[in-house]
Participant: 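Please see the structure below; I have some questions.
All heavy atoms count here, side chains included; hydrogens, waters and symmetry mates do not. By convention in this document, chain letters (A, B, ...) are assigned in the order of the sequence lines, proteins followed by strands, and residues within each chain are numbered from 1.
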Amino acid sequence: MKKRLWRDFLILLVLFLGVWIFFVYFPIVDSDEVKVTYKYKENEIKQKLIELMDFKQADSDTTQLLRSLGELKHLVSDKDVEYELYYSDNREINAYALPGNIIVLNRGIILECDTPEELIGVIAHELGHLKMNHHSDQLITTLSIELLLVGSGSTASEVTKILTQNAFSREMETEADDYAIKKMKELGISPNYLAKLFKKMYKRSDMIPEFLNSHPGMNERISKFSKFPYEESKLTYTFDWLQVKNSL
Amino acid sequence: MSTDYYPIQQPEDLPAREREDAMGAYFMMFASLAAGLPLPIINLIAAIIYYHVNKHKSRFVRFHSLQSLLSQLPVSLLNAGLVVWAISFFKYDFNFNNTFLSYLIVVILANLLYLGFSIAAAIKARQGLMYYFLFFGKLSYEIVYKVREEEEKIYRNNPPI
Ligand SMILES: [Zn+2]
């Protein structure tokens, strides 16, 4: 009797593991297809996000600010990443890279930049996140659920919370910084410009934005960018930066 | 060493009341399985309580209750695994891979099998019949019908060996 019990137990166990392993090797649902479905929904999510958060697209001719940001966007380009640049009327000193190849600049960070070169550095850093696909599937999923399922009920502050809670890892930040350095050099801008911006942000210890918090130790970061000697950039713009900032 | 078993009751010896109790064991387990889906510990406790309530009724009722309880254990565990795995998606990374999908299939199959066999067993129990699941049937029989030394054997007269 004992033997037969064991035999039956083994039959059940083999049956269970067998079915499991069988489906692992002969899947009935292709998990890549599931990812494709998410990608397909990405556009819809993007539109809802922009609408809800009231992001203004750079490049449109409506205001001096958006025109100027459009000019900066054209400078910071990457053949592999087709991104969109947006402005958000938010006082927080912050910038975001969002799924769907979106970069958002807050009013706060624009006001903090004394020169357009500093802002170019910020855009380049965020572009680095996009280029290296730093977004977790989790962020995309959470955003999708919030914007597609919860839908009309979600508020801008809830979405902002999701965005700020899903910070990048330290390694990702280092990668994005390295990308920004490379990009700035390409444009003939000394990475030292970003060091200046970081120092200003560091002084405002009361505000620790996403752009700084999960990041490699701030001192480490400042010294990394300070290694590059300061040289005034030779770039010229069709706008006057001070005037643009005053319009905010 | 020979082992003795209590005789299995035949349908004509079983009053309707006992048949219904035996049938109820299976239906009770479904209900608790469904209720306990988010937290499988709940239905486990419910199942154990039901078994203990019916333990002192006839061996027929006890057998069916125990078979139902034991066969529910692995199904509950599988369901619990699924719940934990699904929650981890939201806490960590959304990794919708094949290992998970096939586990999902296995869990669904296990639940369907459990449901199907339990319904069959419930119908048989109502008719006053035994119904043995693979493994769990034998195990329950062993536990319920085996004569334990300390209980009765001492009172038995055996022929000389
Ligand atoms: Zn960053």
Participant: For B/Arg17, is the CZ atom crowded, meaning more than 12 foreign heavy atoms sit under 6.0 Å from it?
Facilitator: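 Atom CZ in B/Arg17 is not crowded, with 12 or fewer foreign heavy atoms closer than 6.0 Å.
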Participant: Decide if atom NZ of B/Lys124 counts as having more than 12 heavy atoms of other residues, nucleotides or ligands within a radius under 6.0 Å.
Facilitator: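 Atom NZ in B/Lys124 is not packed in, count stays at 12 or less.
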Participant: Could you pull out every donor-acceptor pair under 3.5 Å between side chains of residues 134-141 of chain B and any protein atom, sequence neighbours left out?
Facilitator:
unit_1: B/Lys138; atom_1: NZ; unit_2: A/Asp8; atom_2: OD2; d: 2.5
unit_1: B/Ser140; atom_1: OG; unit_2: B/Gln67; atom_2: N; d: 3.4
unit_1: B/Ser140; atom_1: OG; unit_2: B/Phe136; atom_2: O; d: 2.6

Participant: Between atom CH2 of A/Trp20 and atom CG of B/Leu78, what is the distance when rounded to the nearest 0.5 Å?
Facilitator: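 If I round to the nearest 0.5 Å, the distance is 9.0 Å.
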Participant: As an exercise, state the distance from CG of B/Leu113 to CG of A/Leu15, rounded to the nearest 0.5 Å.
Facilitator: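 Going from CG on B/Leu113 over to CG on A/Leu15, the span is 8.0 Å.
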Participant: In Å, rounded to the nearest 0.5 Å, how long is the span from CD1 of B/Ile105 to CZ of A/Phe22?
Facilitator: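 That separation rounds to 9.5 Å.
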Participant: So for A/Leu10, is it side chain, backbone, both, or neither that comes closer than 4.5 Å to the heavy atoms of chain B?
Facilitator: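 Contact with chain B: none, neither part.
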Participant: Near B/Phe117 CZ, under 6.0 Å, is it more than 12 heavy atoms from other residues, nucleotides or ligands?
Facilitator: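 Counting neighbours around CZ of B/Phe117, 12 or fewer heavy atoms of other residues, nucleotides or ligands fall under 6.0 Å, so no.
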